[in-house]
Amino acid sequence: ALAYAKEALETDPYKKENHSLLNIASNAHVWDWCETHHSDYIEYYKKFTEKHPQYSMGYEWLICNLIHDYRLSEAEELLHKMKPLQDHCHYLLYQGWIYHKAGKHQEASDIWDSMLKEDDWLSYSFRADVYASLAEYDKAILCYKKAAELEPSPKYTDNWISIAHINQILGNSNEAIQAYQKVLFILKDDYHLTEGYEVDRIKNEISKLR
């Protein structure tokens, strides 16, 4: 869908429908509440969690979107239902976002900092995600690197991809290339991948940066 939307815009760059399709396919944001609220999605997952109350991820999909839509009291209620089913780090992540959306920024920061007491890769990766979401990029990079250092093999590539994206935003091409090269190393060393879609995608990003 994304590729076709871009192709359509090459053909007709001033057609609003084509821009709308690109927006939807890219999961991009617009300031149009009736198009961006998640009520239908939320209602689906409310019923899903009632039907499957022991599946922790069902609560997470629901809580994320309640928080995004500022339905914070509902998110808080569901968070307490999720707590016995999920690790403490996930609970603190969402608790922090509820506080932050409510304007309690210092309390939120204290909650997120408390995740690091776990001293594992996931807590640092979560903290980095929060920093990146708030455009505190230097702190995000430090936490992503710490997460990558602590994470056991086989590693996810998310931490280094996030570092690459941040450096692209900041215009640091060399640092972004180095991060993407770390991704290629993980793909080769942990997954024995030296060719294919993901390898080509990362190599293409490096070529564009060069």
With sequence neighbours left out, which residue pairs that include part of residues 160-203 fulfil the ring-ring contact (aromatic ring centres under 6.0 Å, His included) condition? none
For N18 and A8, work out which heavy atoms get closest and say how close. ND2-O, 3.4 Å
E107 meets the salt bridge (Lys or Arg N to Asp or Glu O under 4.0 Å) criterion, sequence neighbours left out, with none
Chi angles and distances behind the side chain to side chain contact (heavy atoms under 4.5 Å, CB included) call for S109, K104: CA-CA 9 Å; S109 184; K104 301 175 182 178; over 6 Å; no
Who are the side chain to side chain donor-acceptor pair (under 3.5 Å) partners of D110, not counting sequence neighbours? Q106
Would you compute the distance between atom CG of L62 and atom CE of M57 and round it to the nearest 0.5 angstrom? 12.0 Å
I'd like to know if Y44 and L66 are part of one continuous hydrophobic network [Ile/Leu/Val/Met/Phe/Trp/Tyr, side-chain heavy atoms within less than 4.5 Å]. yes
Kindly give the heavy-atom pair with the smallest separation between Q86 and E60, and that separation in Å. NE2-OE2, 2.7 Å
Would you call the rings of H29 and W31 parallel, tilted or perpendicular, taking 30° and 60° as the class edges? perpendicular
Which pair of heavy atoms, one from K155 and one from I186, lies closest together, and at what distance? O-CG2, 3.6 Å
Let me see the working for I206 and L184 under side chain to side chain contact (heavy atoms under 4.5 Å, CB included), right down to the final yes or no. CA-CA 11 Å; I206 291 173; L184 291 176; 3.8 Å; yes
Short side-chain to backbone donor-acceptor contact, N172 and Q168, under 3.5 Å: no
When rounded to the nearest 0.5 angstrom, what is the spacing between CG in D119 and CG in L116? 8.5 Å
Does V30 belong to the same Ile/Leu/Val/Met/Phe/Trp/Tyr cluster as Y41, with side-chain heavy atoms less than 4.5 Å apart forming each link? no
With the 4.5 Å side-chain cut-off for hydrophobic clustering, are I161 and Y144 part of the same group? yes
Starting at SG of C89, measure out to CZ of R127 and round the result to the nearest 0.5 Å. 11.0 Å
Within a 6.0 Å radius of atom NZ on K145, are there more than 12 heavy atoms belonging to other residues, nucleotides or ligands? no
Where is the tightest heavy-atom contact between N159 and S125, given as atom of each residue plus distance? OD1-OG, 2.9 Å
Smallest separation among heavy atoms of T194 and V199, with atom names: O-CG1, 3.7 Å
Connected-component partners of L2 among ILVMFWY, side-chain separation under 4.5 Å: L9, L22
Taking side-chain contact (heavy atoms from CB on, under 4.5 Å) as the test, write out the residues that go with D120, two or more places apart. E118, L122, S123
Which residues pass the side-chain contact (heavy atoms from CB on, under 4.5 Å) test with S173, not counting sequence neighbours? L209
For the residue pair H37 and D69, confirm or rule out a side-chain donor-acceptor distance under 3.5 Å. no
Donor-acceptor pair, H19 side chain versus A5 backbone, under 3.5 Å? no
Quick one: do Y59 and Y55 end up in the same hydrophobic cluster if we chain Ile, Leu, Val, Met, Phe, Trp and Tyr together by side-chain heavy atoms under 4.5 Å apart? yes
Let me have the donor-acceptor pairs involving side chains of residues 74-84, under 3.5 Å, with sequence neighbours excluded, atom names and distances please.
from: E74; atom 1: OE1; to: K46; atom 2: NZ; distance (Å): 2.8
from: E74; atom 1: OE1; to: R71; atom 2: NH2; distance (Å): 3.0
from: E74; atom 1: OE2; to: R71; atom 2: NE; distance (Å): 2.9
from: E76; atom 1: OE1; to: Q95; atom 2: NE2; distance (Å): 3.4
from: E76; atom 1: OE2; to: H80; atom 2: NE2; distance (Å): 3.2
from: E76; atom 1: OE2; to: Q95; atom 2: NE2; distance (Å): 3.4

Exercise answer: donor-acceptor pairs, residues 132-143 side-chain atoms, under 3.5 Å, sequence neighbours excluded:
from: S133; atom 1: OG; to: D129; atom 2: O; distance (Å): 2.9
from: E136; atom 1: OE1; to: K139; atom 2: NZ; distance (Å): 3.4

What residue pairs, at least two apart or across chains, pass ring-ring contact (aromatic ring centres under 6.0 Å, His included) with a residue in residues 98-130? H90-F126, W97-H100, W97-W112, H100-H105, H100-W112, W121-Y156
Evaluate whether atom CG of D32 has more than 12 neighbouring non-hydrogen atoms of other residues, nucleotides or ligands under 6.0 angstrom away. yes
Determine the minimum heavy-atom distance between L85 and Q54, stating which atoms define it. CD2-OE1, 3.3 Å
Residue pairs meeting salt bridge (Lys or Arg N to Asp or Glu O under 4.0 Å), one or both in residues 200-210, sequence neighbours left out, come to E198-R201, E205-K208
Hey, quick one: are Y131 and I67 part of the same hydrophobic cluster, counting side-chain heavy atoms closer than 4.5 Å, chains of contacts allowed? no
Does I24 sit in a hydrophobic cluster with other residues, and if so which ones, taking ILVMFWY side chains as linked at heavy-atom separations under 4.5 Å, directly or through other members? none
Applying salt bridge (Lys or Arg N to Asp or Glu O under 4.0 Å), which residue pairs with at least one partner in residues 157-185 are found, sequence neighbours left out? none
